[in-house]
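A quick write-up on the structure given underneath.
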Amino acid sequence: PLRSHVWMSGGNPLEPLLATYRTVQGQISKLQQGQSKATTLICENELVLKELELLEEDSQVFKLIGPVLVKQELVEVKSNVSKRIEYIKSDIGRLDGQLKTKNKEHEEIREQITKLQKANSPSWEWYTPKVVAAASQRLGVVGWGHAQAGRVKVDTPMGGEGPQAVARLGWRDGRGAK
């Protein structure tokens with residue numbers, strides 16, 4: 001079936017889907033950045049924990065709070081760093097879940113866009129440009145078909161009369177059929 005390129009609604013139905021697609025892409029990118037930052041924090045905190053494991057029990061440990069160094073107990077610091085690692089890992093798990101959901105949504109939107117593009121794409125008929133030019137001239141239609149890669153794009157507002165007009169006029173298509 002031939003389709004006209006004039007949208008009756010006044011706009012392209014792909015635009016809202018494309019806007020949503022881009023928005024979801026941006027959300028996926030932010031989630032991936034968050035995952036990357038969290039992974040970096042885990043690595044840093046694991047390094048700190050390894051360094052703390054090398055210290056003796058009576059070693060002095062200080063934490064920088066603003067411009068002041070505050071003395072802390074080694075056991076307390078190890079516990080805090082371990083808890084921080086657990087918290088960051090749970091945060092990565094949460095981000096993974098959100099990322100999977102957004103990727104699924106992204107794929108669904110992509111499939112909707114593909115279906116809509118296929119449904120609204122012009123019909124391609126296998127008529128040689130010479131046949132279409134002759135039929136166009138005979139029907140008095142200027143610019144009726146456009147040759148491309150050995151195929152002819154029939155996208156006319158004539159209500160789908162392209163191939164029928166060619167057949168009515170007795171012209172043969174590019175495959176030699178009538």
Practice prompt. Test salt bridge (charged side-chain N to carboxylate O under 4.0 Å, His left out) on K102 and E105 and set out the steps.
Written response: CA-CA 5 Å; K102 286 297 175 185; E105 181 181 351; 3.4 Å; yes
Discussion item. Going by side-chain contact (heavy atoms from CB on, under 4.5 Å), L52 matches just one of V75, V77, L47. Which one?
Written reply: V77
Worksheet item: Is it true that I85 and I88 fall in one hydrophobic cluster, defined by side-chain heavy atoms closer than 4.5 Å?
Response: no
Item to complete: Count the heavy atoms of every other residue, nucleotide or ligand shown that sit under 6.0 Å from CZ of F62, and state whether that count exceeds 12.
Response: yes
Item to complete: Name all residues meeting the salt bridge (Lys or Arg N to Asp or Glu O under 4.0 Å) criterion together with R110; count only those two or more places apart in sequence or in a different chain, and write none if there are none.
Response: E107
Discussion item. Just checking E73: does its CD atom have more than 12 heavy atoms from other residues, nucleotides or ligands closer to it than 6.0 angstrom?
Written reply: no
Worksheet item: Less than 4.5 Å apart, any side-chain heavy atom of Q32 and any of L99?
Response: yes
Worksheet item: Among all residues two or more places apart in sequence or in another chain, which pass the side chain to side chain donor-acceptor pair (under 3.5 Å) test with D91?
Response: R94
Item to complete: Go through the side-chain N and O atoms of K63 and Q72 and say whether any donor and acceptor fall under 3.5 Å apart.
Response: no
Response to the item:
Residues L74 and E57: closest non-hydrogen pair is CD2-CA, 4.0 Å
Worksheet item: Of the non-hydrogen atoms in L49 and K78, which two are nearest, and what is the gap between them?
Response: CD1-O, 3.9 Å
Item to complete: Verify the cluster assignment for I92 and L31: are they in a single hydrophobic cluster under the rule of side-chain heavy atoms below 4.5 Å apart?
Response: no
Discussion item. Are L64 and V68 packed together at the side-chain level, in the sense that at least one heavy-atom pair is separated by less than 4.5 angstrom?
Written reply: no
Worksheet item: Can you check whether Q25 reaches Y21 side chain to side chain, under 4.5 Å on heavy atoms?
Response: yes
